[in-house]
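Read the structure below first, then the notes.
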Amino acid sequence: MKEFDIIEYFFNRKTQQRKDVATGIGDDCAITIMPLGQSLAVTTDTLVSGVHFPEDTPAGAIAHKALAVSLSDLAAVGAEPAWYSLSISLPEIDKVWLEAFSDSLFELSEYYSVQLIGGDTVKGPLSITVTAHGFVPHDQALMRSGAKPGDLVYVTGTLGDAGVGLDIVQGRLTASQHCSDFLVNRLNYPSPRLLAGTSLRRIASSCIDISDGLANDLAHILKASQCGAKIQIEQLPLSIAIQEAVNADQAFEYALSAGDDYELLFTVSEERKGNLDIALANSNVSATCIGQLTGKKGKLELFFEEEPYKLRNGGFEHFSS
Ligand code: ADP
Ligand code: MG
């Protein structure tokens with residue numbers, strides 16, 4: 001199989017044909033049509049085998065994750081996804097692998113009505129780059145900046161699951177079959193919070209997706225918005241599976257520091273708080289208030305039931321890779 005045949009056979013599927021794609025795969029450029037009144041949100045992420053996912057990760061999970069992490073960035077700015085391109089570097093032509101990879105890719109594409117409009121296919125160490133494009137009405141994009149002291153801090157879903165999942169697949173932790181299935185699934189098949197993201201337009205004062213752990217990503221909001229934050233550790237949303245797999249202190253540490261959850265972290269002023277529940281009602285995900293912003297620029301303060309909280313391992317470095 002040559003490059004051309006791989007593209008034709010695995011990637012040039014006609015399943016998802018959007019009206020705003022004038023020319024998709026097959027020419028020198030894709031040509032797309034921008035809707036009036038919308039800004040274009042663009043994001044790129046590269047996943048390298050052995051760096052961003054374990055080498056033995058199933059092909060379907062790699063494809064899902066490669067697209068999901070880019071869609072998660074679109075969610076974080078409140079954009080509605082539209083198109084993406086895929087650059088893939090393959091060490092060999094393995095048809096079974098490519099079939100599983102492309103099936104999973106197109107399944108997620110169809111779910112979110114996003115169309116693969118182009119890319120590049122080369123030989124080399126396994127690496128996948130997805131560039132995703134989405135729309136957001138002019139001046140409504142959610143940014144890391146814009147939060148104010150007093151704003152409430154929220155996260156979607158549950159935290160720390162993917163980090164525990166990674167420790168399970170890499171043999172550092174064991175858990176019951178049921179728990180480990182759930183946690184490894186959270187690692188391999190993250191759910192980009194796209195409906196939550198678009199619902200938060202005009203409501204959230206700032207937003208980011210959690211890719212590097214709550215503490216790290218909250219620090220980006222604090223820096224961009226020139227605020228500090230008080231976080232109530234006991235409020236961190238934990239799945240039943242994480243609570244079964246590790247003890248409470250460990251679960252809090254994963255929730256604060258482990259990456260790959262792809263939940264949204266956002267802030268809302270007290271005045272807009274009332275609108276939040278209605279806005280999120282159809283987004284298929286819960287949101288939990290975990291604290292409040294302060295005027296202490298860049299300072300993150302952790303509390304457990306009103307008492308200052310110290311991390312067991314003394315810091316966030318433990319999980320940073
Ligand atoms: P060129 O040499 O003009 O860059 P290529 O031969 O690299 O073109 O690609 C041919 C067509 O296939 C282009 O439309 C390109 O966008 C598309 N393409 C290449 N690789 C992929 C891929 N992995 N997924 C989707 N489209 C791809
Ligand atoms: Mg090319």
Side-chain angles (χ1 to χ4, degrees), residues 1-35 38-75 79-135 188-192 194 209 211 260 262:
M1 252 190 163
K2 289 258 172 358
E3 178 193 340
F4 175 81
D5 300 316
I6 298 172
I7 299 164
E8 269 311 297
Y9 192 77
F10 294 106
F11 296 117
N12 196 8
R13 302 190 190 182
K14 308 285 189 212
T15 45
Q16 191 63 50
Q17 304 257 42
R18 290 175 58 106
K19 289 201 177 70
D20 53 13
V21 178
T23 303
I25 295 171
D27 216 310
D28 294 308
C29 288
I31 308 293
T32 59
I33 300 152
M34 276 297 294
Q38 305 276 319
S39 298
L40 185 66
V42 184
T43 177
T44 293
D45 270 298
T46 298
L47 302 190
V48 177
S49 179
V51 180
H52 301 101
F53 55 86
E55 278 168 12
D56 55 1
T57 303
I62 297 170
H64 180 103
K65 193 158 187 170
L67 179 54
V69 301
S70 286
L71 296 181
S72 176
D73 279 325
L74 292 180
E80 177 197 326
W83 320 302
Y84 68 101
S85 63
L86 166 75
S87 288
I88 186 163
S89 167
L90 296 165
E92 58 180 346
I93 296 168
D94 175 342
K95 288 185 190 167
V96 173
W97 191 95
L98 275 162
E99 190 89 53
F101 181 92
S102 57
D103 280 353
S104 168
L105 191 70
F106 281 89
E107 191 178 317
L108 188 62
S109 306
E110 279 162 48
Y111 187 80
Y112 286 113
S113 304
V114 290
Q115 186 173 339
L116 177 60
I117 55 169
D120 204 10
T121 306
V122 300
K123 191 170 164 60
L126 182 61
S127 141
I128 297 104
T129 300
V130 168
T131 302
H133 305 74
F135 311 136
N188 283 339
Y189 296 91
S191 302
L194 285 155
D209 68 321
S211 51
D260 280 347
Y262 298 101

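All ligand and atom numbering here is 1-based and tracks the order in the structure. A quick note: this is a predicted structure, and the numbers were derived from the prediction, not measured.
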Task: Any N/O pair L116/ligand 1 closer than 3.5 Å - done: no

Open item on the list: Main chain of V114, side chain of R18: is a donor-acceptor contact present, judged purely on distance under 3.5 Å?
Closed with: no

Open item on the list: Below a 4.0 angstrom heavy-atom separation, can you tell me which part of I7, side chain or backbone, both or neither, approaches ligand 1?
Closed with: side chain

Task: Where ligand 1 meets G118 - atom numbers and elements under 4.0 angstrom, heavy-atom basis - done: 16 (O), 24 (N), 25 (C), 26 (N), 27 (C)

TODO: Mind telling me whether F101 and F11 have parallel, tilted or perpendicular rings, with 30° and 60° as the class edges?
DONE: perpendicular

Open item on the list: Tell me the contacting part of I88 for ligand 1: side chain, backbone, both, or neither, using a 4.0 Å heavy-atom threshold, strictly below.
Closed with: side chain

Task: Min N/O separation G119 to ligand 1 under 3.5 Å - done: yes

TODO: Would you mind listing which atoms of ligand 1 come within a distance below 4.0 Å of any non-hydrogen atom of E3?
DONE: 5 (P), 6 (O), 7 (O)

TODO: Determine which pairs satisfy salt bridge (Lys or Arg N to Asp or Glu O under 4.0 Å) with at least one residue from residues 84-104, sequence neighbours left out, and list them in order.
DONE: R13-D103

Expected list for residues 51-58: side-chain donor-acceptor pairs under 3.5 angstrom, two or more places apart:
from : atom 1 : to  : atom 2 : distance (Å)
H52  : ND1    : V48 : N      : 2.9
T57  : OG1    : P54 : O      : 2.6

Open item on the list: Under a 4.0 angstrom heavy-atom cut-off, which atoms of ligand 1 come close to G26?
Closed with: 11 (C), 13 (C), 14 (O)

- [ ] Give a yes or no on whether the backbone of P91 and the side-chain of K123 come within a donor-acceptor separation of less than 3.5 Å.
- [x] yes

Open item on the list: To the nearest 0.5 Å, what is the distance between CG on L116 and CG on L67?
Closed with: 9.0 Å

Open item on the list: Centre-to-centre under 6.0 Å for W97 and F10, is that the case here?
Closed with: no

TODO: Measure D27 to ligand 1 on non-hydrogen atoms and call it side chain, backbone, both or neither using the 4.0 Å cut-off.
DONE: backbone

- [ ] Any atoms of ligand 1 less than 4.0 Å from a non-hydrogen atom of D28? List them with their elements.
- [x] 3 (O)

